[in-house]
Amino acid sequence: MKIFHTADWHLGKLVQGVYMTEDQHYILQQFMQAIDEEKPDVIIIAGDLYDRSMPPIEAVNLLNDILAEIVLEKKIPVLAVAGNHDSAGRLNFGSSLMSDSGLHIKGQFTKDHAPIVLHDANGEVHFHLVPYAEPASVRTILDDDSIRSHQDAMEKIINHIVQSMDTTKRNVFIGHAFVTKYGEEETNTSDSERPLSIGGSDCINATLFKSFNYTALGHLHKAHFVLNDTIRYAGSPLKYSLSEHLHEKGFLIVELDAQGDIAVTKRKLVPRRDLRVVEGLMDDLLKLPPSDDYVFVRLTDTTSVASPMERIRTVFPHAMHVERKALRQEIQHEIQAVETEKVEDIDLLRSFFKDIIGVQPDQDTERLFTEMLQELLDEERETVK
C-alpha cells in the first residue's frame, strides 16, 4: 500500500502580519500534482489542518476544495485527525456522513474505538485515528483518575486500542502529539508551534508505538523519525516561522509491504516564496539582486539605521522583519536571565510548600504557577523588545 503522510497544513496561518493562504494554495497544488504522479492508495493528514479553531473563510474554502478533489474526483481516501490548533468539534461535525465518500476525519477522542479498514492486493490495513486531546479530557472519557500527563493519556489510549487490535493485520497509527525518543524533554523545532503544556509534561515516549507497523505523526514542523524509521513526523509543507528557515519542507511517501515492513521517501515541495534569513550591512544588502522571498533581515551595522524596513523593501518587497544583530543578542541575554529566574522560582514554590504545608505541590498547582509565570515572562519579553 502506498501512503502519503502529511501534516500541519495550518491553513489560514498569519506570519508577521501576512496571510499565507495564497502560498498554501500554491504548495497544495504541487501536492495534488504529486498525487496524480504517484497515485497513492490513501492520504494521511496528521492534525493541524487549520491554524486556529475559527479559521478565515478563505482557509475553509481551500480545505474544502482540496479534500473534494482528492476524495470525490480522484477517489482516494483521506484519513485525518484534529491537532491542537484545530477545533475538534468543527472537524468532527458530519464526519460519519463523509466517511461513506472516503473522507475519514476524527475530530474528538472517544472511548469507542474502531479502526478504518482499507484494502490492497495483500489484504487489510487497519488505521487507528487518534486526535489530539488534553489529558483531562482523556481522563474523563476513559474514567481513569491516574491520567495526569500526555504520556499517561497516550499510554492508556494505546493500551485501549491494543486490547482489541487484530495483530494478524497491518496496523497504522495516526496521531498528533509531541513524541520523543524515550519521553525525554526536547526543544520544539519551530516557534510557530505552541507547546502542549508547561515543563516538559507534553512529551510522549516513542516506545509506546511498538505495536504498529507505522506511526504517522503531526505537531512538530520538521520532518524526522523518532527512535526508528517506523515512527515519523512529516513536518509542515511550508515554513511558518524564522526558526524553520533551514527546514526542507515536503511530505512522506510510505510503502507498506505484505509483511508490514515500510520504505519511506521524502518528496520536497517548492514554495512560491522561500522564507530565509539575510544578514549584513545595510549598504551591502541594498546592492543584492532583488528577491520576492519572505526575508528576515539582521543588520550588522553598529550604529542605528534610518527607515530600515522602507530601504530593505526596495530590494526585498516581501521582507517580514528587520532587526539589528547586536540588539538581538542583547535581547537574548535578557531572556536567558529571565528564564533562569523562572527555574529558580519553581524551586522557591516547592520549598515554600514543603516548609509551610509539609508536602510538595501537586502537578496541577505547579502547572498553574508556571502558566502565570509564563504570562509574566511574555510581558517582560515584549518590554525588552
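Remember, it's a predicted structure, so these values are computed and weren't measured experimentally.
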Practice problem: Assert yes or no for the condition that the ring centre distance of F173 to H128 is strictly below 6.0 Å. | Solution: no

Practice problem: Indicate, with yes or no, if the rings of F296 and H245 have centres closer together than 6.0 Å. | Solution: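 Centroid separation for F296 and H245: 6.0 Å or greater.
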
Give me the atom names and distance for the closest heavy-atom approach of [X] to [Y].
{"X": "L227", "Y": "K181", "value": "CD1-CG, 3.7 Å"}
{"X": "S53", "Y": "S87", "value": "O-CB, 3.5 Å"}
{"X": "H10", "Y": "Q24", "value": "O-NE2, 2.7 Å"}
{"X": "T230", "Y": "I262", "value": "CA-CD1, 3.9 Å"}
{"X": "D166", "Y": "H126", "value": "CB-CE1, 4.1 Å"}
{"X": "I105", "Y": "M98", "value": "CD1-CE, 4.4 Å"}

Does [Y] offer a backbone N or O that forms a donor-acceptor pair with the side chain of [X] under 3.5 Å?
{"X": "S99", "Y": "H104", "value": "no"}
{"X": "Q151", "Y": "N205", "value": "yes"}
{"X": "T314", "Y": "E310", "value": "no"}
{"X": "D152", "Y": "S149", "value": "yes"}
{"X": "R139", "Y": "R148", "value": "no"}

Exercise. Let me see the working for V81 and V130 under side-chain contact (heavy atoms from CB on, under 4.5 Å), right down to the final yes or no.
Key: CA-CA 6 Å; V81 299; V130 177; 5.8 Å; no

Crowded around [X] [atom1]? As in, over 12 foreign heavy atoms under 6.0 Å?
{"X": "K74", "atom1": "NZ", "result": "yes"}
{"X": "E38", "atom1": "CD", "result": "yes"}
{"X": "D143", "atom1": "CG", "result": "no"}
{"X": "H25", "atom1": "NE2", "result": "no"}

Quiz prompt | Chi angles and distances behind the salt bridge (charged side-chain N to carboxylate O under 4.0 Å, His left out) call for D292, R273 | solution = CA-CA 6 Å; D292 280 338; R273 297 188 182 98; 5.0 Å; no

Exercise. Indicate yes or no: does K239 engage D274 in a salt bridge with an N to O separation below 4.0 Å.
Key: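 Looking at D274 together with K239, the answer is yes, because their closest N to O distance falls below 4.0 Å.
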
Exercise. State whether K2 and D120 are salt-bridged, where the test is any N-O pair (Lys NZ or Arg NE/NH1/NH2 against Asp/Glu carboxylate O) under 4.0 Å.
Key: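 Salt bridge absent between K2 and D120.
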
A side-chain contact here means heavy atoms from C-beta on lying under 4.5 Å apart; do [X] and [Y] qualify?
{"X": "L63", "Y": "W9", "result": "yes"}
{"X": "D48", "Y": "D86", "result": "yes"}
{"X": "F316", "Y": "D293", "result": "no"}

Exercise. Could you walk me through whether V125 and L256 pass side-chain contact (heavy atoms from CB on, under 4.5 Å), step by step?
Key: CA-CA 9 Å; V125 180; L256 187 66; 3.8 Å; yes

Quiz item: What is the ring orientation for F4 with F31, classed by angle as parallel under 30°, tilted 30 to 60°, or perpendicular over 60°?
Solution: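 Tilted.
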
Exercise. Would you please classify the geometry between the F178 ring and the H219 ring as parallel, tilted or perpendicular, with 30° and 60° separating the classes?
Key: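 Plane angle between 30° and 60°, so tilted.
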
Regarding [X] and [Y], do their side chains bring together a donor and an acceptor under 3.5 Å, going by distance alone?
{"X": "S146", "Y": "D144", "value": "yes"}
{"X": "Y294", "Y": "D23", "value": "yes"}
{"X": "K222", "Y": "H224", "value": "no"}

Self-check item: V18 vs H318, side-chain contact (heavy atoms from CB on, under 4.5 Å): CA-CA, chis, key distance, verdict
Solution: CA-CA 9 Å; V18 177; H318 299 285; over 6 Å; no

Quiz item: Going only through I, L, V, M, F, W and Y residues with side-chain contacts under 4.5 Å, is there a path from L252 to L118?
Solution: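 Same cluster.
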
Exercise. Output, in order, the C-alpha distance, side-chain angles, deciding distance and verdict of side-chain contact (heavy atoms from CB on, under 4.5 Å) for V60 and Y50.
Key: CA-CA 8 Å; V60 176; Y50 294 119; 3.8 Å; yes

